[in-house]
Trainee: 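I'd like to ask you about the structure that follows.
Only this structure's heavy atoms are used, side chains among them; waters, hydrogens and symmetry mates stay out. Nothing fancy with the numbering, it's 1 onward along the sequence.
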Amino acid sequence: MSRHHADGTGMPSTEHCAHEPAFPCVLGADVGGTWARLAWAELRPGKPLHMRGFRRYACADYPSLAAILRDYIDHLLADGEVGAISQAVVAIAGLLEGDTLLNVNLPWQVSLSRTRQDSGLPGLQLINDFVAVAKAMPHAGRESLQHVCGDDTDDARFPALVLGPGTGLGVAVHLGDGWPSVLPSEGGHAALAAATPLEQDVLRLLTQRHAYVDSECVMSGPGLMRLYACLCELRGQVPRWQQPAELVQASREGDALAKECVRAFCGWLGSLAGDLALTFGARSVYVTGGVAGHLAAELHGGEFEQRFHAKGGLSPALAKVPVWRVEHGELGVLGALAWHAEHAGR
């Protein structure tokens, strides 16, 4: 029985590339620590990107990235959707050093040359996952943007900071027109900064357990649970919740410690977003990722907004910067395809 999972997003998948397509077909993928999302598109010059055949895979169910790519292509071929695909772009968390991807969240090692060979995709490219997310932002519809704070305007403002707490913490900057249009960043792995007495207490506990404490250590799904464990220790309580969704729900139902944890997380994330916006001179900020989805209500206003603006004499510089939460489950895939289309056209 196949282990692939339909996502149920309603993405169009009924139009097929002919077996001898007039335009090249390319595979786009977004691979994180938990899920791999794949789709394909026929690249038509001057036409909007149209994703087809969207599927989602649990990374832990497969022995390698190549196995996921091969399974997806085999299903496309079996269904007659495409005749062949040799080009693919995979947006993946991590940093490519030579042939090896450096990543602490994936369930397997990734070699670019080995993945090309085992997947049968000689034209495979790996790009940073948040380069892809940032690349997708101009293609995201206005309906996918939820205003958090700052100016409420439809006008695109660049540079645009894209920040995504999920299995890890992604950071990238869309520079607007020009080449390259996206600046990759490993800002999520910069050292975690504490600004309040509570944050200082949490950082003290984390430094006792980890040789290096980066922002991802707290600003991510696993990080939210680390923060909760630290608060339990500081308050002399036994942890009750094991997953971010459980913790957020408990917070909404009145669990005092869970609520304190969620408020602390949102405040700390707002502080980091403000720091990065100042660092990159961002004129807009987009918050994506699975944790942002769990905290859809809590991120709007409150601790996040207060700490985003709390930058001393530079607070006025952030007052009008619009912050948006993005509700779009296929940004990484869309961005990978957009990246390929842009590079193919140069």
Trainee: Test: salt bridge (Lys or Arg N to Asp or Glu O under 4.0 Å). Region: residues 178-200. Which pairs qualify, not counting sequence neighbours?
Mentor: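 Salt bridge (Lys or Arg N to Asp or Glu O under 4.0 Å) check on residues 178-200 returns Glu199-Arg307.
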
Trainee: Partners of His300 by ring-ring contact (aromatic ring centres under 6.0 Å, His included), sequence neighbours excluded?
Mentor: none

Trainee: Answer yes or no: is there a donor N or O on one side and an acceptor on the other, between the side chain of Arg283 and the main chain of Pro159, under 3.5 Å?
Mentor: no

Trainee: With salt bridge (Lys or Arg N to Asp or Glu O under 4.0 Å) as the rule and sequence neighbours excluded, what pairs involving residues 213-223 come up?
Mentor: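 Checked against salt bridge (Lys or Arg N to Asp or Glu O under 4.0 Å) - neighbours excluded - no pair reaches residues 213-223.
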
Trainee: When you check the gap from the basic side-chain N to the acidic O, do Arg263 and Glu298 get nearer than 4.0 Å?
Mentor: no

Trainee: How would you list, by chain and number, every residue that makes a ring-ring contact (aromatic ring centres under 6.0 Å, His included) with Phe158, sequence neighbours excluded?
Mentor: His174

Trainee: As an exercise, state the distance from CG of Leu272 to OG of Ser215, rounded to the nearest 0.5 Å.
Mentor: 4.5 Å

Trainee: Using every non-hydrogen atom in the two residues, find where Ala36 and Ile68 come nearest and quote the distance to one decimal.
Mentor: CB-CD1, 4.0 Å

Trainee: Just by distance, do the side chain of Tyr72 and the backbone of Tyr57 share a donor-acceptor pair under 3.5 Å?
Mentor: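 No, Tyr72 side chain to Tyr57 backbone: no donor-acceptor pair under 3.5 Å.
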
Trainee: Taking the basic N atoms (NZ, or NE/NH1/NH2) and the acidic carboxylate oxygens, is any pair closer than 4.0 Å for Arg70 and Asp74?
Mentor: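 Judged by the 4.0 Å cut-off on N to carboxylate O distance, Arg70 and Asp74 do form a salt bridge.
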
Trainee: Give a yes or no on this: more than 12 heavy atoms of other residues, nucleotides or ligands lie within 6.0 Å of atom CD of Gln109.
Mentor: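 Atom CD in Gln109 is not crowded, with 12 or fewer foreign heavy atoms closer than 6.0 Å.
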
Trainee: Between Lys311 and Asp275, does the salt bridge (charged side-chain N to carboxylate O under 4.0 Å, His left out) criterion hold? Intermediate values first, please.
Mentor: CA-CA 8 Å; Lys311 299 302 173 186; Asp275 287 345; 2.6 Å; yes

Trainee: Return the set of residues passing side-chain hydrogen bond (donor to acceptor under 3.5 Å, both in side chains) with Gln200 (not counting sequence neighbours), or none when no residue passes.
Mentor: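 Once residues adjacent in sequence are excluded, Gln200 has no partner under the side-chain hydrogen bond (donor to acceptor under 3.5 Å, both in side chains) criterion.
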
Trainee: Please list, chain by chain and in numerical order, all residues satisfying side-chain hydrogen bond (donor to acceptor under 3.5 Å, both in side chains) with Asp151, sequence neighbours excluded.
Mentor: Arg157

Trainee: Testing Leu318, Val323, Val321 one by one against Cys149 for a side-chain contact (heavy atoms from CB on, under 4.5 Å), which residue passes?
Mentor: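 Answer to the side-chain contact (heavy atoms from CB on, under 4.5 Å) test with Cys149 among Leu318, Val323, Val321: Val323.
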
Trainee: So, the side chain of Gln249 versus the backbone of Ala245: is there a donor-acceptor pair under 3.5 Å, distance only?
Mentor: no

Trainee: Could you check whether Asp71 pairs with Arg55 (Lys NZ or Arg NE/NH1/NH2 to Asp/Glu carboxylate O, under 4.0 Å)?
Mentor: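 Looking at Asp71 and Arg55, the cut-off is not met.
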
Trainee: Would you please test Val182 and Val173 for side chain to side chain contact (heavy atoms under 4.5 Å, CB included) and show each step?
Mentor: CA-CA 6 Å; Val182 174; Val173 181; over 6 Å; no

